[in-house]
Amino acid sequence: MQTLPTDEVRQIMWRYAERYDLQMLVQSTRSVARGVVARLVADGERNTHEWTAAKDEMLKAYDEAGVTAMMSKPQYGGYLDGPKNFVMALAAFELAWVDAGAATCCLAAGLALEPIIERGTPEQVEEYLTRSVPPQPGEDRKIARGAFCLTEPLPYVGVDTGIMCGKVRVANWEDGQEPMLQVDKRGRFITNMDYASFVVAAVESDDDRIKGTCMVILEEDDEGVYDRGAVTHKLVHQLSSTRDPIFHMTVPASRIVGGYTIVDGVIVPNHNHGKVLEAVFARTRVPVGVMTAAKLLSAVEPIIRYQRGRFRGGEGAPGTPRYDLGLQMKEDVLHRLVDVWATGEAATSLGLAAARHFDEFEELDKTRDELYAAAGARSVREVLKLRKQTEKLALEYLELLAEPEEERDQERLAELKSNRLVEYMVGESLSNILSPATKLWNTGQGANMMREAVSLMGGYGITEDCPGFLPQKWMDSQLEATYEGPESVQRRQLIVTMTSELFLTQFQGWITELRRLASDRPGTGACALGSAMELWLWTYRHLQEAKDADGKPLYRDKRQGATFPMADALAWLLACRCQVLDCLELEKKGAENPVLADALPGYVQFFTDLCHVQTAHAAGEVGRICADLVYGYNRHPSWEPTCEACAQAGEIDCLEGLIPGISVGTRLTSDVVESDGSHANKAGPCPRFAGIEGFISRRNKLDGCLTGSRLAKDRAGNVLAQVMIPEALDYPS
């Protein structure tokens, strides 16, 4: 590989080479990020928590570049049709390449619109999507910018978060008229509040005439108090506006997201706030994960430039290794940078794969209730019964799909494939995994690797003038791990959803797929990845039945010490699989692009090596986690008279007359407690491993599958020492 990956390479790997509209969006977003946004960071606008006139220029740049309008549909003034998950992910990637706070402004505006898009009435959708795009020529109106107001715990209130609960009551309800609602809501850490003209807030009923919870839209011009509140003094993401607002307002009941129904004189929201959040958070966690991934990839070029120029200006002349390579004469810095790059590739691949999946799944997801109704299921009980029946069909479909093509029952496969409910349940099982896995792994492991990236800059890395804004990105990544639920929330969802047989069947199919791939492309690390997946699956099945030394079951809701690590391990595996698939896509489709003709083999070899490096890293993590769980809950034997792992000297000495030599042989090969209580000089008797032979064989196999991974890292490191980079970054720093 002679140059850093070009846009043509990325378009193929990330599957938008055929989407000219998305390529234009990427270019326009990039121009804002590396222009206006980069200048704001370089000028020190992150040094204030207040929203300034300079920061306001960033919003105007979004409007002019089309970033503001990307969430809206063409009929409402937007320019991109279809689902927006992949669109949002690409925009977040480009903005976070420079500054995640700028990306947060963009994402928060989308987050405010998402409840309306997902669950709003047709009138609400038209109203807010139309107003959220910049005015057309001849129009005189203000752009509607939104904020999403859920809750965040206040410091020092402990578990009593009642003060944060938004309340809604009936303010006035005249016969034949629309009810007017009184909304009281306090928010904390609410993004976009400096300039939001409307807020979508979660509230619960404080009136017998309103049922349950809902989300309601508040306008700044509504009657009452629309207090934007105090500025939140964040350590990170200072280019985004964050405040603690207070609302005490009267709004019409038609502002309830999704509308309402009057039942026996009671206002019943059509969607409770949990149902709205479920639809929103399933998708919006993905772009946040992509933001952290962008940081890692953006760190590569500044680090290479710093390392090569480290000794210039001192001893050494051009043409000498010290002058040309600088720190890159040392293998360690090359290997560490390869790790940073490989993690960034895996994180981006996982995030964008998740975004593409949600785009493909969106239509089915939105028509779910219609599918149930068409199948005759209207009550909750009928839906559950239907899902149980459909799950059997979906499992049959997946099992047929895993068979060799020539052995499948094609007619039955086609019949099952045409079943929309089967398709929905298969897609749903993946959605439930990909979203939390992306958020968990990208932000968690991403933050760890950003620390590594900063450390590769030496002392320069902890200065404000470090190129590429790496220190700021390192700090920003800590907040991204918290957005929309901290890591424990993502793990909690994963340990529930990864138990789905529909997912586990697909997981088994991926192992088969990787085994086939490993025979053709062993350099990708598919062998190690497949073996790590087998080890994870064996451990998962084992934990379902295993008990600890005290006889307590392991895989239970409250035993997070046993379940959460399995969620972490799964996320490692998913990221690696997506990375391998992206590399194969480049190899397959890259040959069709004449621009890449000569350079393609170099790119493919480099990305293949990165896959091998990352799968070895993931296999190591998965092996460690699984071994810890399988062995760790057994009590280690000790030199006790009742030790089952030890032989008692008296017993084997008695057998010496029947089996000559057994006394000596046992003492050489086993742990023996002598009659006086003495024993061999070692810490303790060795444990036995009955019943886990399957784990031992898989673990041994996995270790062997790491063969060649260090050679791949050497090759990738050599590329980093030779690849050409521009003379300077293409944005201020």
Side-chain angles (χ1 to χ4, degrees), residues 15 81-86 117-119 270-271 275-276 278-283 286 352-438 493-494 496-514 516 533 537 540-541 570 574 577-578 581 585:
R15 323 292 204 280
D81 202 3
K84 299 295 192 298
N85 304 289
F86 192 57
I117 295 172
E118 293 296 328
R119 300 296 181 192
N270 292 338
H271 303 294
K275 193 172 182 180
V276 176
E278 178 187 354
V280 171
F281 283 169
R283 295 175 170 80
V286 172
L352 294 182
R356 290 194 301 270
H357 170 77
F358 280 112
D359 274 359
E360 295 166 1
F361 182 60
E362 187 166 304
E363 182 192 352
L364 268 174
D365 192 30
K366 288 186 174 178
T367 58
R368 174 187 61 182
D369 293 339
E370 286 83 354
L371 292 174
Y372 288 149
R378 299 185 183 279
S379 67
V380 174
R381 178 175 293 182
E382 289 171 340
V383 167
L384 291 176
K385 184 179 179 182
L386 177 63
R387 285 180 62 88
K388 197 170 183 179
Q389 294 168 346
T390 308
E391 183 176 352
K392 294 179 181 176
L393 298 177
L395 286 171
E396 182 185 355
Y397 167 72
L398 292 173
E399 287 163 0
L400 278 173
L401 207 60
E403 292 180 359
E405 193 169 346
E406 60 277 10
E407 298 176 14
R408 294 175 189 160
D409 182 344
Q410 297 291 353
E411 186 175 344
R412 179 61 175 164
L413 182 67
E415 180 185 352
L416 293 170
K417 189 176 181 181
S418 64
N419 188 323
R420 297 277 285 171
L421 269 175
V422 168
E423 188 180 1
Y424 168 75
M425 290 192 66
V426 171
E428 180 193 42
S429 67
L430 277 183
S431 300
N432 292 337
I433 295 292
L434 290 175
S435 176
T438 300
Q493 181 176 340
L494 272 175
V496 173
T497 55
M498 71 188 190
T499 59
S500 158
E501 279 304 317
L502 281 177
F503 168 70
L504 293 174
T505 303
Q506 291 176 82
F507 191 81
Q508 182 64 58
W510 295 344
I511 295 173
T512 305
E513 172 192 51
L514 288 166
R516 292 196 197 107
M533 285 182 165
L537 193 57
Y540 168 77
R541 303 284 190 199
L570 176 62
L574 294 175
R577 177 176 177 271
C578 293
L581 294 180
E585 183 75 7

Closest approach of [X] to [Y] (non-hydrogen atoms, all atoms of both residues):
{"X": "D81", "Y": "K84", "value": "C-NZ, 4.1 Å"}
{"X": "A355", "Y": "F86", "value": "CB-CA, 3.8 Å"}
{"X": "N432", "Y": "Q493", "value": "O-NE2, 3.4 Å"}
{"X": "E382", "Y": "G376", "value": "OE1-O, 3.7 Å"}

Checking [X] side chain against [Y] main chain: does a donor-acceptor pair fall under 3.5 Å?
{"X": "T438", "Y": "V286", "result": "no"}
{"X": "S435", "Y": "S431", "result": "no"}
{"X": "T367", "Y": "E370", "result": "no"}
{"X": "T499", "Y": "V496", "result": "yes"}

| said: Between the side chains of D365 and R283, is the shortest nitrogen-to-carboxylate-oxygen separation below 4.0 Å, so that they form an ion pair? | reply: yes
Taking side chain as C-beta onward, heavy atoms only, is [X] less than 4.5 Å from [Y]?
{"X": "K366", "Y": "I117", "answer": "yes"}
{"X": "I511", "Y": "E513", "answer": "no"}
{"X": "F358", "Y": "P83", "answer": "no"}
{"X": "L364", "Y": "L371", "answer": "yes"}
{"X": "Q508", "Y": "L537", "answer": "yes"}
{"X": "R541", "Y": "L504", "answer": "yes"}
{"X": "L421", "Y": "E391", "answer": "no"}
{"X": "F503", "Y": "L570", "answer": "yes"}

| task | Check the pair E362, N85 against side chain to side chain donor-acceptor pair (under 3.5 Å), reporting the backbone distance first and the verdict last. | result | CA-CA 9 Å; E362 187 166 304; N85 304 289; 3.1 Å; yes
Nearest 0.5 Å, please: how far is [atom2] in [Y] from [atom1] in [X]?
{"X": "L430", "Y": "S500", "atom1": "CG", "atom2": "OG", "value": "9.0 Å"}
{"X": "L393", "Y": "K388", "atom1": "CG", "atom2": "NZ", "value": "14.0 Å"}
{"X": "T497", "Y": "L502", "atom1": "OG1", "atom2": "CG", "value": "12.0 Å"}
{"X": "W510", "Y": "M533", "atom1": "CH2", "atom2": "CE", "value": "6.5 Å"}

| Does the pair L581 and E585 meet the rule for a side chain to side chain contact (heavy atoms under 4.5 Å, CB included), with working shown? | CA-CA 6 Å; L581 294 180; E585 183 75 7; over 6 Å; no
| Which word best sums up how the rings of F361 and H357 line up, parallel for under 30°, tilted for 30 to 60°, or perpendicular for over 60°? | parallel
| message | If the condition is side-chain contact (heavy atoms from CB on, under 4.5 Å), which residues does K392 pass it with, not counting sequence neighbours? | response | none
| said: Restricting to side-chain contact (heavy atoms from CB on, under 4.5 Å), what partner residues turn up for E363, sequence neighbours left out? | reply: R420
All N/O donor-acceptor pairs, side-chain side in residues 422-429, below 3.5 Å, sequence neighbours left out:
unit_1 : atom_1 : unit_2 : atom_2 : d
Y424   : OH     : E428   : OE2    : 3.3
E428   : OE1    : R387   : NH1    : 3.3
E428   : OE1    : R387   : NH2    : 2.8
S429   : OG     : V426   : O      : 2.6
S429   : OG     : Q506   : NE2    : 2.8

| message | A quick test of your reading: do over 12 heavy atoms of other residues, nucleotides or ligands sit less than 6.0 Å from CD of Q410? | response | yes
Per-pair distances, 0.1 Å, donor-acceptor, side chain in residues 397-408, under 3.5 Å, sequence neighbours excluded:
unit_1 : atom_1 : unit_2 : atom_2 : d
R408   : NE     : L400   : O      : 3.4
R408   : NE     : E403   : O      : 3.0
R408   : NH2    : L401   : O      : 3.0

| What residues form a ring pair (Phe, Tyr, Trp, His ring centres under 6.0 Å) with Y372, not counting sequence neighbours? | none
| Can you name the residues that form a salt bridge (Lys or Arg N to Asp or Glu O under 4.0 Å) with E415, not counting sequence neighbours? | R412
